[in-house]
Engineer: 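I am attaching a structure below and will ask some questions about it afterwards.
In what follows, chains carry the letters A, B, and so on, assigned in the order in which the sequence lines appear, proteins first and then strands, with residues in each chain numbered from 1.
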2 protein chains.
Amino acid sequence: MSKASVSKPGARLRERGPAPVFAALGDRTRLRLLARLSDGQARSISALSSDTSLTRQAVTKHLHVLEEAGLVSSLRIGRESRFTYQPEPIAEARSYLDEVSAQWDDALARLRALVEDD
Amino acid sequence: MSKASVSKPGARLRERGPAPVFAALGDRTRLRLLARLSDGQARSISALSSDTSLTRQAVTKHLHVLEEAGLVSSLRIGRESRFTYQPEPIAEARSYLDEVSAQWDDALARLRALVEDD
DNA sequence: TTTTTACGCAACCAAACGGTTGCTAGTTGG
DNA sequence: CCAACTAGCAACCGTTTGGTTGCGTAAAAA
């Protein structure tokens with residue numbers, strides 16, 4: 001048969017700020033894994049390890065880092081554990097960068113307003 | 001008088017992908033520094049160290065990490081070196097996240113199209 | 001001119017990271 | 001039942017990271 005045990009339900013240790021998410025994104029390998037998973041398809045560890053030069057264990061560690069940051073979730077099905085992309089943290093990271101950009105744009109606008117003070 | 005020596009002109013070691021930028025953003029302290037600088041005002045190291053519990057040296061290191069990622073630039077003026085926010089890498093990071101989100105959205109749309117195949 | 005002020009550099013340290021190897025154990029297909 | 005597949009766990013290793021302290025020095029203020 002096929003027993004299925006959940007490992008990460010959903011929103012767990014959120015709101016420690018966006019830094020952990022950025023940290024998880026700060027690695028080439030992790031970015032590639034996330035890019036492959038961002039098509040919504042759940043994939044097993046060995047499937048994700050197949051096209052890499054790294055060891056399965058290395059990939060496993062990276063996947064757990066992504067999971068810890070909430071960027072993916074894992075579900076054990078039978079003998080394999082499948083990882084699924086989770087969009088929320090990316091959305092949060094995006095809006096954080098938007099805020100920073102917005103503050104910068106505002107500052108620029110104010111500066112221009114001062115210069116063009118005719 | 002006031003001798004001024006440049007330390008980071010502009011686009012230097014760009015295009016190693018977005019990972020280094022995310023890595024630089026993956027730290028609370030660095031995010032705070034960047035947030036303070038994102039108003040466009042150039043600030044000295046001691047000014048940026050004043051409202052922190054960290055050592056000036058620690059702040060200095062963080063600033064250099066940000067500089068290495070292109071997120072800030074530094075200019076030595078007299079006895080102090082001022083750091084300035086640089087918007088380009090943030091813009092790049094933003095558009096990268098946009099791409100990931102877009103791929104996810106597309107996948108979702110295709111899925112819905114399959115389900116609602118009346 | 002003396003004294004602050006603001007930095008830079010170097011050494012050092014514990015902890016985290018990225019990665020590997022070896023071994024064990026549950027699943028599944030033949 | 002047995003062999004092959006998939007994964008988890010633990011130990012180990014070199015390097016990076018985040019932080020400190022101490023010291024030397026250029027620039028500005030008194």
Engineer: Among A:T55, A:V59, A:T60, A:L63, which residue satisfies the side-chain contact (heavy atoms from CB on, under 4.5 Å) criterion with A:S49?
Structural biologist: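 Of the listed residues A:T55, A:V59, A:T60, A:L63, the side-chain contact (heavy atoms from CB on, under 4.5 Å) partner of A:S49 is A:V59.
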Engineer: With sequence neighbours left out, write down each residue that passes side-chain contact (heavy atoms from CB on, under 4.5 Å) with A:A23, or none if nothing qualifies.
Structural biologist: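 Expected list: none.
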Engineer: Give the table of side-chain donor-acceptor pairs shorter than 3.5 Å for residues 36-47 of chain A, with sequence neighbours excluded, one pair per line with atom names and distance.
Structural biologist:
residue	atom	partner	partner atom	Å
A:R36	NH1	A:D51	OD1	3.0
A:R36	NH1	A:D51	OD2	3.3
A:S38	OG	A:A35	O	2.8
A:S38	OG	B:Q103	OE1	3.1
A:D39	OD1	A:Q41	N	3.0
A:D39	OD1	A:R43	NH1	3.1
A:D39	OD2	A:R43	NH2	2.8
A:R43	NH1	A:R36	O	2.9
A:R43	NH1	A:Q41	O	3.1
A:S44	OG	A:S46	OG	3.3
A:S44	OG	A:A47	N	3.2

Engineer: Please give, in whole Å, the distance from C:dG29 P to A:E80 CD?
Structural biologist: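 Checked: the CD to P distance equals 10 Å.
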Engineer: Atom CZ of B:R76 to atom C1' of C:dC9: distance rounded to whole Å?
Structural biologist: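 Rounded to whole Å, this separation is 12 Å.
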Engineer: Is there a side-chain polar atom (N or O) of B:T29 under 4.0 Å from OP1 or OP2 of D:dG18?
Structural biologist: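 No.
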Engineer: Let's see if you get this right: which residues in residues 33-49 of chain A place a heavy atom under 4.0 Å from DNA chain D?
Structural biologist: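 Those residues are A:S44, A:I45, A:S46.
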Engineer: Taking atom P of D:dG19 as reference, at what distance in whole Å does atom CZ of B:R28 sit?
Structural biologist: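 Value for this atom pair: 12 Å.
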Engineer: With sequence neighbours excluded, tell me which residues meet side-chain hydrogen bond (donor to acceptor under 3.5 Å, both in side chains) with B:D105.
Structural biologist: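 B:D105 satisfies side-chain hydrogen bond (donor to acceptor under 3.5 Å, both in side chains) with no residue once adjacent residues are dropped.
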Engineer: Rounded to the nearest 0.5 Å, what separates atom CZ in B:F22 from atom CD in B:E92?
Structural biologist: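 With rounding to 0.5 Å, CZ (B:F22) is 10.0 Å from CD (B:E92).
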Engineer: Starting from C1' on D:dG19, measure out to CG on B:D27 and report it in whole angstrom.
Structural biologist: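 Atom-to-atom, B:D27 to D:dG19, this comes out as 11 Å.
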Engineer: In whole angstroms, how far is the P atom of C:dC17 from the CG atom of A:L54?
Structural biologist: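 That distance rounds to 17 Å.
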Engineer: Which residues pass the salt bridge (Lys or Arg N to Asp or Glu O under 4.0 Å) test with B:D106, not counting sequence neighbours?
Structural biologist: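 Salt bridge (Lys or Arg N to Asp or Glu O under 4.0 Å) check on B:D106 returns nothing, list empty.
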Engineer: For B:T55, which contact category applies under a 4.0 Å heavy-atom criterion: base, sugar-phosphate, or nothing?
Structural biologist: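 The answer is base, as B:T55 lies within the cut-off (heavy atoms under 4.0 Å) of a base atom.
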Engineer: Quick one, A:P18 and B:L31 - any side-chain contact, counting heavy atoms below 4.5 Å?
Structural biologist: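 Counting from C-beta outward, A:P18 and B:L31 do come under 4.5 Å.
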Engineer: Grab the N/O contacts between the protein and nucleotides 9-14 of chain D below 3.5 Å, and write none if there aren't any.
Structural biologist:
residue	atom	partner	partner atom	Å
D:dC9	N4	A:Q57	OE1	3.1
D:dC9	N4	A:Q57	NE2	2.6

Engineer: Report all interatomic pairs (protein N or O, nucleotide N or O of nucleotides 2-4 of chain C) with separations under 3.5 Å.
Structural biologist:
none

Engineer: Test of understanding: with side-chain hydrogen bond (donor to acceptor under 3.5 Å, both in side chains), list the residues that count as partners of B:E99, not counting sequence neighbours.
Structural biologist: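 B:E99 satisfies side-chain hydrogen bond (donor to acceptor under 3.5 Å, both in side chains) with no residue once adjacent residues are dropped.
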Engineer: Once you round it to whole Å, what is the distance between C1' of C:dA16 and NE2 of A:H62?
Structural biologist: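 Spelled out: NE2 on A:H62 to C1' on C:dA16 is 14 Å.
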Engineer: Tell me the interatomic distance from B:L63, atom CG, to D:dG18, atom C1', rounded to whole angstroms.
Structural biologist: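 Whole-Å distance recorded here is 14 Å.
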Engineer: Rounded to whole angstroms, how far apart are CG on A:L75 and P on D:dG8?
Structural biologist: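 Those two atoms, CG and P, are 12 Å apart.
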Engineer: Tell me whether A:L34 shares a hydrophobic cluster with A:L54, the cluster being built from Ile, Leu, Val, Met, Phe, Trp, Tyr side chains joined at under 4.5 Å.
Structural biologist: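 Result: yes, single cluster for both.
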Engineer: Salt-bridged, A:R82 to A:E80, with N to O below 4.0 Å?
Structural biologist: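 So A:R82 pairs with A:E80 through a salt bridge.
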Engineer: Got a sec, which residues hit side-chain contact (heavy atoms from CB on, under 4.5 Å) with A:L111, two or more places apart in sequence or on another chain?
Structural biologist: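 Listed in chain order: nothing, the list is empty.
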Engineer: If we only count heavy atoms from C-beta on, is the B:Y85 to A:V100 side-chain gap below 4.5 Å?
Structural biologist: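 Yes, close enough: below the 4.5 Å cut-off.
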Engineer: Run the side-chain contact (heavy atoms from CB on, under 4.5 Å) test against A:S95 and tell me which residues pass, sequence neighbours left out.
Structural biologist: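 Applying side-chain contact (heavy atoms from CB on, under 4.5 Å) to A:S95 gives none.
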Engineer: Give the dot-bracket string for DNA chain D, reading 5' to 3', where a pair is Watson-Crick or G-U wobble with both distances under 3.5 Å, ( ) marks pairs inside the strand, [ ] marks pairs crossing earlier ones, | marks a partner on another strand, and . marks unpaired.
Structural biologist: ||||||||||||||||||||||||||||||
Engineer: Could you check whether B:R30 gets within reach of a base, just the sugar-phosphate, or nothing at all, counting any heavy atom under 4.0 Å?
Structural biologist: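 Sugar-phosphate only.
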Engineer: Sequence neighbours excluded, which residues qualify as side-chain contact (heavy atoms from CB on, under 4.5 Å) partners of B:P20?
Structural biologist: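 Partners of B:P20 under the side-chain contact (heavy atoms from CB on, under 4.5 Å) test: B:R16.
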